[in-house]
Amino acid sequence: MPFHVEGLVAIVVFYLAILAVGIWAAWKTKNTGSEGDRSEAIIVGGRDIGLLVGGFTMTATWVGGGYINGTAEAVYVPGYGLAWAQAPIGYSLSLVLGGLFFAKPMRSKGYVTMLDPFQQIYGKRMGGLLFIPALMGEMFWAAAIFSALGRRLQSLQSLSSSVSKEKLLGPFSSPFGATISVIIDININISVIVSALIATMYTLVGGLYSVAYTDVVQLFCIFLGLWISVPFAMSHPAVTDIGFTAVHQVHQAPWLGSINSLDIYTWLDNFLLLTLGGIPWQAYFQRVLSSSSATYAQVLSFLAAFGCLVMALPAILIGAIGASTAWNQTEYGVPDPMTKKEADMILPIVLQYLCPVYISFFGLGAVSAAVMSSADSSILSASSMFARNIYQLSFRQNASDREIVWVMRITVFLFGASATAMALLASSVYGLWYLSSDLVYIIIFPQLLCVLFIKGTNTYGAIAGYLFGLVLRITGGEPYLYLQPLIYYPGCYPDENNIYIQRFPFKTLAMLTSFFTNIIVSYIAKYLFESGTLPPKLDFLDAVVARYSREHMDKATLVKSDNIVLNELAPVNPRHSLTLTSTFTNKEAFNYVDSSPELSNTEDN
């Protein structure tokens, strides 16, 4: 195995730069805020993240390894193509909708995490239940990212092992070998561990500041690395003009793709999952809540939506290049990546075989940057929710700020190690992530709608909606986990492995069922208790009698006006009023609608 000095230097410089930026941001965190709000500074960055850094970090949260590789794969796969590359449009629309409807009420109330409104309106029990799918989504997403990196390295290493020394020194050599493993000939698992360790380390010491500022560097590396690679790959002699192959069959079906009439409902189901299910993630609301004002939170969402579209363009082009390449005229040989079942590797394969070696270094650096830019956000999000909503609000309401900081540091390490272990050991991380992301869409999204916008929902309705949505999702089956459905919706059919595939949009059906169940059960419980049909002692969750009495009902449950502040909300019950309510520590944010400089200046005048 040849020793690539250039590649080794590039890798070391890249990781040292990321680590240095993360440590600098950690020092900035240490010197931000007062002595008593260090934990909040770690979670939401002292609420002073500006538009530039905020726009970069919110974009980088979505533009990860799965985003760029998945987009390239969708465009490349014959029969699917650009028509099925839903992530760029879906995630961009989710950011637009988040900015229009969710960012302002969340930020203007001064919440610290996404689960805060749930625990305040529905109580700590419901907050704990909703923490489960939120945690699963973040953890399995991080594990899937690390797993994808490992699979890319494995494929590239196996491919490069068959390449002779002359080819490795030639113009189309292995791109970064296989990142660290091929360059310095170490085990692939160590390569993944090093990437995970770097991401976990700067997240542990600096919190959101470290994640945000390293995201700026990582997003720049993604943008530069991919856009530099595109012209070289496109000019390779084995590549046919992508404008022609977009609508004509040359080496495979046109890469623009099409949507079969039988698959239109599946397409819509997946699109709604990406668009609406992309909103209720702590990684998103962590950026929203770190903004200096509610207006800035909205602007950040719109900037990130534009950034997601821009960052998807090189991945789309690389997928189109892969679909336009005569692979038998390259060092890759025959059969093509689709026949070898390596379609998910099309981006690194294009970088390896269609670009010069020095350009491939930039491209693989972009892949590594994309991995860390999403993984660190997921690890921090999971840690933030646990430290605040589970440890502090549920078990240790009187915990000191220093104690919460140490809980966050410990959980960042534990969650980072767990995600890495799952990536290295589990064989179905992607299937678990698909399932958990569905649960975020089906369970958390309708609950978020109810807690922010629907008057009168309570804990009984929330639990019923949670259970109904969960049951309908599980009984719909999951092909990636070889989980057979228990309910066969119209259009259900078996694949080649005799696993039944649902064409009916059952995920959206489950989401709507969860939403309406919450409303219906909440109003039934409210009527039964307030009319005296059921005695108050049966209100064992303290969700109606103690919380939703008639005099508190109208002002407590509908976030319709920004003039409603947290102190006006009725407590879950008298025993918890001093602990749960008092833990929403950003008191200044509760007394005004928006803290933007424009409004401040107007009020001063």
Side-chain angles (χ1 to χ4, degrees), residues 43-45 49 54 57-67 70 86-88 90-103 105-107 111-118 127 129-145 203 208 211-212 215 270-291 297-298 300-301 304-305 307-308 373-386 388-389 415 419 432-449 451-452 469 507 511 514:
I43 297 175
V44 292
I49 300 295
T57 185
M58 191 174 285
T59 303
T61 301
W62 269 256
V63 182
Y67 182 87
Q86 297 174 307
Y91 282 140
S92 296
L93 281 178
S94 76
L95 288 165
V96 172
L97 292 176
L100 288 175
F101 301 107
F102 295 89
M106 290 289 287
R107 175 61 186 91
Y111 294 127
V112 179
T113 73
M114 178 186 70
L115 296 182
D116 280 359
F118 296 108
L129 281 177
L130 290 171
F131 172 73
I132 297 173
L135 174 67
M136 290 173 59
E138 300 290 358
M139 290 300 298
F140 287 129
W141 173 231
I145 292 170
T203 304
L208 184 64
V211 171
D215 278 348
N270 293 334
F271 185 75
L272 288 173
L273 188 149
L274 288 172
T275 303
L276 302 179
I279 296 173
W281 289 79
Q282 167 65 11
Y284 167 66
F285 283 110
Q286 197 147 26
R287 275 75 184 161
V288 166
L289 299 174
S290 69
S291 303
Q298 292 182 296
L300 286 183
S301 299
C308 284
S373 69
S374 290
D376 55 10
S377 299
S378 294
I379 294 170
L380 178 63
S381 298
S383 174
S384 301
M385 289 186 293
F386 178 84
R388 176 172 174 79
N389 300 104
F415 289 153
L432 292 173
W433 178 73
Y434 288 148
L435 185 59
S436 61
S437 63
D438 288 354
L439 294 180
V440 170
Y441 170 55
I442 293 167
I443 295 176
I444 301 182
F445 177 70
Q447 303 279 3
L448 185 64
L449 284 178
V451 80
L452 290 183
K507 298 174 186 177
M511 185 274 290
S514 177

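Reckoned from all heavy atoms, side chains included, excluding hydrogens, waters and symmetry mates. In this text, all values refer to a predicted model and were calculated from it rather than measured experimentally.
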For [X] against [Y], the heavy-atom pair lying closest together:
X: T57; Y: V211; answer: OG1-O, 4.3 Å
X: G469; Y: S514; answer: CA-CB, 4.1 Å
X: I442; Y: K507; answer: CG1-O, 3.6 Å
X: P133; Y: L439; answer: CB-CB, 4.1 Å
X: P117; Y: V451; answer: O-CG2, 3.5 Å
X: L208; Y: G45; answer: CD2-N, 3.7 Å

* Applying side-chain contact (heavy atoms from CB on, under 4.5 Å) between P280 and each of Y441, F102, F445, report the one that passes. => F445
* Asked: When T275 is tested against each of L97, N270, L95, V96 for side-chain contact (heavy atoms from CB on, under 4.5 Å), which residue passes?
  -> L97
For the side chain of [X] and the backbone of [Y], is there at least one donor-acceptor N/O pair under 3.5 Å apart?
X: S383; Y: I379; answer: no
X: R388; Y: V112; answer: no
X: Y91; Y: V63; answer: no

How many angstroms lie between [atom1] in [X] and [atom2] in [Y], if you round to the nearest 0.5 Å?
X: R107; Y: S291; atom1: CZ; atom2: OG; value: 7.0 Å
X: T113; Y: F118; atom1: OG1; atom2: CZ; value: 9.5 Å
X: M136; Y: D438; atom1: CE; atom2: CG; value: 10.5 Å
X: F101; Y: L452; atom1: CZ; atom2: CG; value: 12.5 Å
X: T59; Y: R287; atom1: OG1; atom2: CZ; value: 10.5 Å
X: D376; Y: T203; atom1: CG; atom2: OG1; value: 4.5 Å

* With the side chain counted from C-beta on, respond yes when D215 and S377 share a heavy-atom pair under 4.5 Å apart, and no when they do not. => yes
* **Side-chain touch E138/W281, heavy atoms, less than 4.5 angstrom** => yes
* To do: Determine, step by step, whether L93 and F271 satisfy the side chain to side chain contact (heavy atoms under 4.5 Å, CB included) criterion, reporting the C-alpha distance in whole Å, the side-chain angles of both residues, the deciding distance to 0.1 Å, and the verdict.
  => CA-CA 10 Å; L93 281 178; F271 185 75; 3.5 Å; yes
* Asked: Going through the checks in order, is the side chain to side chain donor-acceptor pair (under 3.5 Å) test met by Q286 and S384?
  -> CA-CA 9 Å; Q286 197 147 26; S384 301; 2.9 Å; yes
* Check against side chain to side chain contact (heavy atoms under 4.5 Å, CB included), M58 and V288 -> CA-CA 9 Å; M58 191 174 285; V288 166; 4.1 Å; yes
* To do: Report the C-alpha distance between F415 and M139 in whole Å, list the side-chain angles of each, state the deciding distance to 0.1 Å, and finish with yes or no for side chain to side chain contact (heavy atoms under 4.5 Å, CB included).
  => CA-CA 7 Å; F415 289 153; M139 290 300 298; 3.6 Å; yes
* To do: Output, in order, the C-alpha distance, side-chain angles, deciding distance and verdict of side chain to side chain contact (heavy atoms under 4.5 Å, CB included) for F285 and L448.
  => CA-CA 12 Å; F285 283 110; L448 185 64; 3.9 Å; yes
* Sequence neighbours excluded, which residues qualify as ring-ring contact (aromatic ring centres under 6.0 Å, His included) partners of Y284? -> W62
